[in-house]
Asks: 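Got a structure here, written out as structure tokens. Questions coming.
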Amino acid sequence: MTTRVRFAPSPTGYLHIGSARTALFNYLYARHTGGKFLLRIEDTDLARSTEESTRSILEGLEWLGLRPDEEIVFQSANVEKHRKAALSLLEAGKAYRDFTPKSEASDTSVSVKSSIAERARKEGEKKNLRSNPYRELPKAESDERAAKGEAFAIRLKVPENGRSEFLDEVYGPQQRDYSEIEDLVLLRSDGHPLYNLAVVCDDIEMGITHVIRGQDHLTNTHKQVLIYRALGVEPPKFAHLPLILAPDKSKLSKRKHGEVVSMTTYRDRGFIAAAFRNFLALLGWSAGEEKEIYSLEELIEKFSLDGIHRSNAVFNFSESDPRRWTDEKAIWMNAEYIRNMPLDELLPLVREELKAAKLWREEYEDSSDSEINGRVVQIASSEIGDAKWFRRTIDLIRQRFFTLKDFSEQGRAYFSEDFDFDPAALKKNLEKYPQLREWLPELADRLEERFSASEGNTASGDVQAASNGQELKEIQPFTEANIEPIIKAFAEEKGTKPGVILNGARTALTGVA
RNA sequence: GUCCGGUUCGUCUAGGGGUUAGGACACCGCCCUUUCACGGCGGCAACACGGGUUCAAAUCCCGUACCGGAUACCA
């Protein structure tokens, strides 16, 4: 039997980091086992679900490269089936009608969650989960009241004695006494199916073999197993994932922590999808080796359920420090990808970034330059063509960048005359040495003289150089190796350190430190 | 409250009876570069606590503490 897993978000907001990781793990597991990765949008909570959320989630998954293998299932399309399932359970005597009027939601000033916790605490020990007066109502009477139009919810009849058990692929054997599980509502009094029922029905229908989801569902699983059994279906395997926590160890939430938990934030702030995916994979899972950078292929090959942790992971960021707006390891990993990924994969991403920043020029297009090797500093694009120049420039400056945004911000001066000077850089590299005001233009003239692009003086000019003996100096290319001695000599001549010249030039030319 | 889960450097983690407890990020230092960055080398830094079991416990068992999750006619 082939593995079938699913990612089942509810569209009540953008794609959250924790959800994204759940999706990723499902995807990796499916690929690793040669199975299918499915997507189901759990949009049955009409009040909270929005189309925009659905779109945002899809976008996030798309960005991460997690495309479902089959048609997306919208849970709301299946409510009729869910209803039927509840009714069949009722018919079979495995569920009962509860005619208790629906209690009004308590005051809205407190969050729903805490008010529920509060109530649970109050009810405390004396609770008896089998005390519902309608649980043992004779069928005839129940039918009659229903026929008369009295509203009812359908509750699952949880056995009085015994315990629920299942084996979690991550957390091991799980058990829960039935006395701890309430007769959960399957169908609301307005006929609306509830989460646990809907999930089970859909997972059955979709042929799900492994349910991989957040650990916050661990206790739900007992209820769901009960529903599977009542329906006469063998439950799938379950694997629960540790949660991702905020630095204060609270559950990472959209409401509380804002955009740092949203997938789209990372896309919009210049992250490489592969880098972020790599980072996410290592949050709560490990291949058990001393390695951090994994290609998607490697992740798929090495992924296994028993590499998943049992303890929650903290996603480390600081709300007050803009430099640590997200986990520093994620930023580092992104920089690592920017520096080391094949240039041809980076170029299109940089192009998009520059386009967004209105710095893109069509002349940069088509830059298939195979002969690039080493660091050729080519200042003038006129000498080698814009496309080639672009390619080399990106390859040069990517060494110091962390996100794609840096190409249009820190690196703006490479693509536009209109750029800002970093005040700190100005102070440190230019104002400190007033003589630079004369030195730099002088140096520029000297370099110009030396490397001026007259007759065939291009990057590949060394061919000519070789055949031209003593004229060598005149036609050397403008490379790091060739500039260096000139700068050194210049510095010496002016009685200063090359660093002063170099730093000053960099800041004057690019605006950055 | 009750039930369930968890606890190795600040953070992500390896290790699951005998290790100088390993790696990564961050931080610090040195080297490279008479520049920034990259890179290289090194440093700081952890087994929550208390009892067992054992020749030997970070590792197995019990308890405590702390953290988290769940407890809804939400998902």
Side-chain angles (χ1 to χ4, degrees), chain A residues 8-12 42-45 47-49 75 98 100-103 105 112-113 115-127 129 151-155 168 171-172 174-177 179-182 184-196 198-199 214-220 222 240 242-243 245 247 249-251 279 282-293 309-317 324 327-333 335 339 397-401 425 429 484 487-488 491-492 497-507 510 512-513:
Chain A
S10 59
T12 55
E42 308 218 317
D43 55 349
T44 56
D45 185 342
R48 290 196 297 157
S49 301
Q75 190 160 62
D98 181 0
T100 312
K102 185 185 175 194
S103 59
V112 192
K113 259 202 147 77
S115 70
I116 285 166
E118 186 50 37
R119 198 182 65 199
R121 201 167 304 121
K122 270 185 199 152
E123 285 168 7
E125 294 150 45
K126 55 186 182 224
K127 67 177 172 181
L129 267 14
F152 59 87
I154 295 180
R155 286 184 183 272
D168 190 89
Y171 287 92
Q174 300 294 311
Q175 34 189 269
R176 197 172 180 208
D177 213 275
S179 66
E180 296 293 333
I181 305 174
E182 82 275 12
L184 61 144
V185 172
L186 302 173
L187 207 64
R188 255 199 265 170
S189 50
D190 62 3
H192 191 86
L194 251 25
Y195 173 73
N196 284 304
V199 166
Q215 190 234 65
D216 46 344
H217 286 291
L218 215 38
T219 47
N220 271 334
H222 287 101
H240 287 89
L243 267 17
L245 269 26
K249 304 253 200 271
S250 66
K251 200 177 166 187
F279 171 77
L282 263 21
L283 215 50
W285 172 80
S286 158
E289 53 190 0
E290 294 181 350
K291 180 175 154 82
E292 313 291 326
I293 305 294
H309 288 197
R310 278 158 289 270
S311 57
N312 296 339
V314 170
F315 185 67
N316 207 6
F317 63 95
R324 295 191 296 135
D327 199 297
E328 289 177 288
K329 196 158 183 174
I331 296 176
W332 165 79
M333 198 166 277
R339 280 195 294 270
I397 63 184
R398 69 164 159 164
Q399 296 303 325
R400 52 174 12 90
F401 290 166
N429 292 338
E484 199 187 324
I487 307 281
K488 269 192 192 172
E492 202 169 326
K497 289 182 293 185
V500 172
I501 306 294
L502 260 2
N503 284 338
R506 189 178 51 252
T507 297
T510 68
V512 300

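These numbers were taken from a predicted model, which means no experiment stands behind them. In the text below, chain A, chain B and the rest are named by the order of the sequence lines, each starting its count at 1.
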Asks: Tell me the interatomic distance from A/Gln399, atom CD, to B/G40, atom C1', rounded to whole angstroms.
Replies: 15 Å
Asks: Report yes if the side chains of A/Thr12 and A/Asp45 come closer than 4.5 Å at any heavy-atom pair, otherwise no.
Replies: no
Asks: Taking any strand in view, what nucleotide pairs with B/G5 in a Watson-Crick or G-U wobble way, both distances under 3.5 Å?
Replies: B/C67
Asks: Quick one: list whatever passes ring pair (Phe, Tyr, Trp, His ring centres under 6.0 Å) with A/His217, sequence neighbours left out.
Replies: A/Tyr195
Asks: Quick one: which protein N/O atoms are closer than 3.5 Å to N/O atoms of nucleotides 41-43 of chain B? Pair and distance per line, please.
Replies:
none

Asks: Anything under 3.5 Å between a protein N or O and an N or O of nucleotides 73-75 of chain B, put it in a table, one pair a line.
Replies:
residue: B/C73; atom: OP2; partner: A/Arg155; partner atom: NH2; Å: 3.2
residue: B/C73; atom: O2'; partner: A/Lys102; partner atom: NZ; Å: 3.4
residue: B/C73; atom: O2; partner: A/Ser189; partner atom: N; Å: 2.8
residue: B/C73; atom: O2; partner: A/Ser189; partner atom: OG; Å: 3.0
residue: B/C73; atom: N3; partner: A/Ser189; partner atom: OG; Å: 3.1
residue: B/C73; atom: N4; partner: A/Thr100; partner atom: O; Å: 2.4
residue: B/C74; atom: OP2; partner: A/Arg188; partner atom: NE; Å: 2.8
residue: B/C74; atom: O2'; partner: A/Asp45; partner atom: OD2; Å: 2.3
residue: B/C74; atom: O2'; partner: A/Arg48; partner atom: NH2; Å: 3.3
residue: B/C74; atom: O2; partner: A/Arg48; partner atom: NH2; Å: 3.0
residue: B/A75; atom: OP1; partner: A/Thr44; partner atom: OG1; Å: 3.4
residue: B/A75; atom: OP2; partner: A/Tyr195; partner atom: N; Å: 2.9
residue: B/A75; atom: O3'; partner: A/Glu42; partner atom: O; Å: 3.3
residue: B/A75; atom: O2'; partner: A/Ser10; partner atom: OG; Å: 2.8
residue: B/A75; atom: N6; partner: A/Asn220; partner atom: OD1; Å: 3.4
residue: B/A75; atom: N6; partner: A/Asn220; partner atom: ND2; Å: 2.9
residue: B/A75; atom: N1; partner: A/Asn220; partner atom: ND2; Å: 3.2

Asks: With rounding to the closest Å, how many angstrom separate the P atoms on B/G40 and B/C25?
Replies: 9 Å
Asks: Please name all residues satisfying side chain to side chain contact (heavy atoms under 4.5 Å, CB included) with A/Ala491, sequence neighbours left out, ordered by chain then number.
Replies: A/Thr496, A/Pro498, A/Ile501
Asks: Figure out the CD1/C1' separation between A/Ile181 and B/A72, and round it to whole Å.
Replies: 16 Å
Asks: Could you work out, with ring pair (Phe, Tyr, Trp, His ring centres under 6.0 Å) as the rule, every residue matching A/Tyr171, not counting sequence neighbours?
Replies: none
Asks: For A/Ile331 and B/A24, what is the distance between atoms CD1 and C1' respectively, to the nearest whole Å?
Replies: 15 Å
Asks: Which residues pass the side chain to side chain donor-acceptor pair (under 3.5 Å) test with A/Arg176, sequence neighbours left out?
Replies: none
Asks: Work out how far the C1' atom of B/U64 is from that of B/U19, and round it to whole angstrom.
Replies: 29 Å
Asks: With C1' as the reference atom in both, quote the distance from B/U33 to B/C67 in angstrom, rounded to an integer.
Replies: 47 Å
Asks: Can you list the residues that meet the side chain to side chain donor-acceptor pair (under 3.5 Å) rule with A/Gln174, with sequence neighbours excluded?
Replies: none
Asks: Pick the C1' atom in B/G50 and in B/A57, then give their distance to the nearest Å.
Replies: 14 Å
Asks: Let me see the working for A/Ile181 and A/Leu129 under side chain to side chain contact (heavy atoms under 4.5 Å, CB included), right down to the final yes or no.
Replies: CA-CA 7 Å; A/Ile181 305 174; A/Leu129 267 14; 5.6 Å; no
Asks: Checking A/Arg310 side chain against A/Pro242 main chain: does a donor-acceptor pair fall under 3.5 Å?
Replies: no
Asks: Under a 3.5 Å limit for both distances, which nucleotide forms a Watson-Crick or G-U wobble pair with B/U59, could you say?
Replies: none
Asks: Could you give the distance separating B/G18 and B/C27 at their C1' atoms, to the nearest angstrom?
Replies: 34 Å
Asks: Give me the distance, rounded to whole Å, that separates B/U20 from B/U53 when you measure between the P atoms they each carry.
Replies: 26 Å
Asks: According to the Watson-Crick and G-U wobble definitions, with both distances under 3.5 Å, which nucleotide is paired to B/U11?
Replies: B/A24
Asks: Counting Watson-Crick and G-U wobble pairs only, both distances under 3.5 Å, name the nucleotide matched with B/U19, or none.
Replies: none
Asks: Between B/G10 and B/G6, how far apart are the two P atoms, rounded to whole Å?
Replies: 22 Å
Asks: Expressed as a whole number of Å, how far does the C1' atom of B/A24 sit from that of B/C9?
Replies: 12 Å
Asks: Test salt bridge (charged side-chain N to carboxylate O under 4.0 Å, His left out) on A/Asp216 and A/Lys251 and set out the steps.
Replies: CA-CA 10 Å; A/Asp216 46 344; A/Lys251 200 177 166 187; 3.1 Å; yes
Asks: Both distances below 3.5 Å, Watson-Crick or wobble geometry, any strand: find the nucleotide opposite B/U33.
Replies: none
Asks: Using the side chain to side chain donor-acceptor pair (under 3.5 Å) criterion, which residues pair with A/Asn316? Sequence neighbours excluded.
Replies: none
Asks: So which nucleotide does B/U54 pair with, by the Watson-Crick or G-U wobble rule with both distances under 3.5 Å?
Replies: none
Asks: Which letter, B, S or -, goes with each nucleotide of nucleotides 16-21 of chain B from 5' to 3', with contact meaning a protein heavy atom under 4.0 Å?
Replies: ------
Asks: Contact class for A/Lys291 (heavy atom, under 4.0 Å): base, sugar-phosphate, or nothing?
Replies: nothing
Asks: Mind checking what makes side chain to side chain donor-acceptor pair (under 3.5 Å) contact with A/Glu292, not counting sequence neighbours?
Replies: A/Lys329
Asks: Once side chain to side chain contact (heavy atoms under 4.5 Å, CB included) is applied, do any residues pair with A/Ile293, and if so which ones, sequence neighbours excluded?
Replies: A/Asn278, A/Trp332, A/Met333, A/Glu336, A/Tyr337
Asks: Hey, are the side chains of A/Pro11 and A/Ser49 touching, using non-hydrogen atoms and a 4.5 Å cut-off?
Replies: yes
Asks: Reading nucleotides 3-15 of chain B 5' to 3', which nucleotides get B (base under 4.0 Å from a protein heavy atom), which S (sugar-phosphate only), which -?
Replies: SSSSS---SBSS-
Asks: In terms of base orientation, is B/C38 syn or anti, with the syn window spanning 90° either side of 0?
Replies: syn
